[in-house]
Amino acid sequence: MEKKPFHPGPRPPRPTTPQQRQPMRRGEKQNPNLINEQIRAKEVRLVGDNVETGIYTIQQALAIAEDLELDLVEISPNAEPPVCKILDYQKYLYQQKKKQKEIKAKATKVVIKEIRFGPQTDDHDYNFKLKHAIGFLQEGSKVKAYVFFKGRSILFKEQGEVLLLRFANDLEEYGKVEQMPLLEGKRMIIMLSPKKK
């Protein structure tokens, strides 16, 4: 079978608007807002400091922004007409980034510390683990305490429950019970979270 020669189709038209022409550099994020000449609306509602709020043509709004040596930024594109604000865009982006960082920092990660008991845990071992749990709760971590039943020791599950309830009771001033003793397979688990200071 004879191969037909390949002829590429017509080339796509060259981009004409400044927005289409500007290639994005590596690692460069696209601006989340349209600014200045990128705004396509014929009219905009202008808000901001040192400006009289109202509806202006895009040319008037751009002229005002230029006089103030600031940027015209579209902050609400879906409004009718779109809402624009006159501000220093780079400063605005910097403040937005700063806000995001602060929000991330406040959303602290929850740390869960595990403490394991046997159904026949003696007092010395119990007190040692209790001391650890107090430390964990004071540093803001959650405590997941469980009794592990090996083989036939599952027969002592009531004993395990009593142990966990005693543990929760002894930690009453440091943490609150999030989940009462619950048997999951060979483990009986209780969850405690630190009390807010």
Side-chain angles (χ1 to χ4, degrees), residues 23-35 47-49 71 73-80 82-85 87-197:
M24 269 178 63
R25 286 185 217 112
R26 266 180 73 152
E28 192 176 67
K29 280 188 182 168
Q30 204 174 355
N31 286 337
N33 307 80
L34 292 179
I35 60 167
V47 296
D49 308 324
D71 299 299
V73 182
E74 190 177 60
I75 53 169
S76 187
N78 300 329
E80 201 47 65
V83 179
C84 293
K85 198 169 187 176
L87 45 82
D88 180 338
Y89 192 55
Q90 289 311 314
K91 195 173 165 186
Y92 170 75
L93 284 181
Y94 171 74
Q95 283 168 343
Q96 294 295 98
K97 260 188 208 160
K98 208 169 152 187
K99 263 187 208 165
Q100 299 288 192
K101 270 188 187 169
E102 280 168 17
I103 291 167
K104 254 189 201 166
K106 280 179 189 166
T108 48
K109 292 176 179 73
V110 177
V111 179
I112 298 175
K113 302 281 189 175
E114 289 194 355
I115 292 179
R116 175 181 165 158
F117 293 104
Q120 313 280 324
T121 302
D122 61 36
D123 281 349
H124 171 74
D125 197 20
Y126 174 85
N127 290 328
F128 178 75
K129 288 178 177 178
L130 184 69
K131 210 162 88 181
H132 272 295
I134 290 169
F136 294 149
L137 289 166
Q138 282 177 330
E139 71 185 30
S141 301
K142 286 188 177 189
V143 172
K144 179 182 187 176
Y146 65 92
V147 178
F148 187 74
F149 301 102
K150 262 194 276 185
R152 292 180 57 119
S153 68
I154 196 82
L155 300 170
F156 303 105
K157 65 173 184 251
E158 283 79 20
Q159 227 169 313
E161 191 172 352
V162 169
L163 177 76
L164 290 176
L165 288 171
R166 173 186 162 199
F167 187 66
N169 198 42
D170 291 344
L171 290 170
E172 207 172 8
E173 60 181 285
Y174 305 101
K176 59 178 188 290
V177 177
E178 225 176 61
Q179 176 194 302
M180 291 302 274
L182 189 74
L183 191 64
E184 288 180 10
K186 291 184 175 184
R187 289 169 163 200
M188 184 171 279
I189 300 165
I190 194 167
M191 280 288 279
L192 298 139
S193 56
K195 277 194 173 170
K196 300 267 189 288
K197 283 163 192 162

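Computed from a predicted structure; not experimentally measured.
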How would you list, by chain and number, every residue that makes a ring pair (Phe, Tyr, Trp, His ring centres under 6.0 Å) with Y94, sequence neighbours excluded? none
Could you walk me through whether Q100 and Q96 pass the side-chain contact (heavy atoms from CB on, under 4.5 Å) test, one step at a time? CA-CA 6 Å; Q100 299 288 192; Q96 294 295 98; 5.6 Å; no
Could you pull out the closest heavy-atom pair between S141 and K113, with the gap in Å? CB-CG, 3.9 Å
Quick one: does K129's side chain have a donor or acceptor within less than 3.5 Å of a partner on R116's backbone? yes
Do Y126 and D170 pair up side chain to side chain, a donor and an acceptor below 3.5 Å, judged on atom types alone? yes
Separation of L165 CG from M180 CE (nearest 0.5 Å): 5.0 Å
Spacing of L192 atom CG and K142 atom NZ [to the nearest 0.5 Å]: 10.5 Å
Take atom NZ of K176 as the centre, draw a 6.0 Å sphere, and report whether it contains more than 12 heavy atoms from other residues, nucleotides or ligands. yes
Spacing of I134 atom CD1 and H132 atom NE2 [to the nearest 0.5 Å]: 11.0 Å
Specify the closest pair of heavy atoms between P181 and I190, including all atoms of both residues, with the distance to one decimal. CD-CD1, 3.8 Å
Shortest non-hydrogen contact from M188 toward G160: SD-C, 4.1 Å
What pairs with E172 under salt bridge (charged side-chain N to carboxylate O under 4.0 Å, His left out), at least two apart in sequence or on another chain? none
Worked verdict on L182 versus M191 for side-chain contact (heavy atoms from CB on, under 4.5 Å): CA-CA 9 Å; L182 189 74; M191 280 288 279; over 6 Å; no
Measure the CZ-CD1 distance between F136 and I115 for me, rounded to the nearest 0.5 Å. 5.5 Å
Can you tell me how far apart NZ (K195) and CG (L137) are? Round to the nearest 0.5 Å. 10.5 Å
Looking at every non-hydrogen atom in both residues, tell me the closest pair between V143 and A133 and how far apart they are. CG2-O, 4.0 Å
Nearest 0.5 Å, please: how far is CZ in F167 from OG1 in T121? 10.5 Å
Qualifying residues under salt bridge (charged side-chain N to carboxylate O under 4.0 Å, His left out), relative to D123, sequence neighbours excluded: R166
Parallel, tilted or perpendicular, as decided by the 30° and 60° cut-offs, for the rings of Y146 and F148: perpendicular
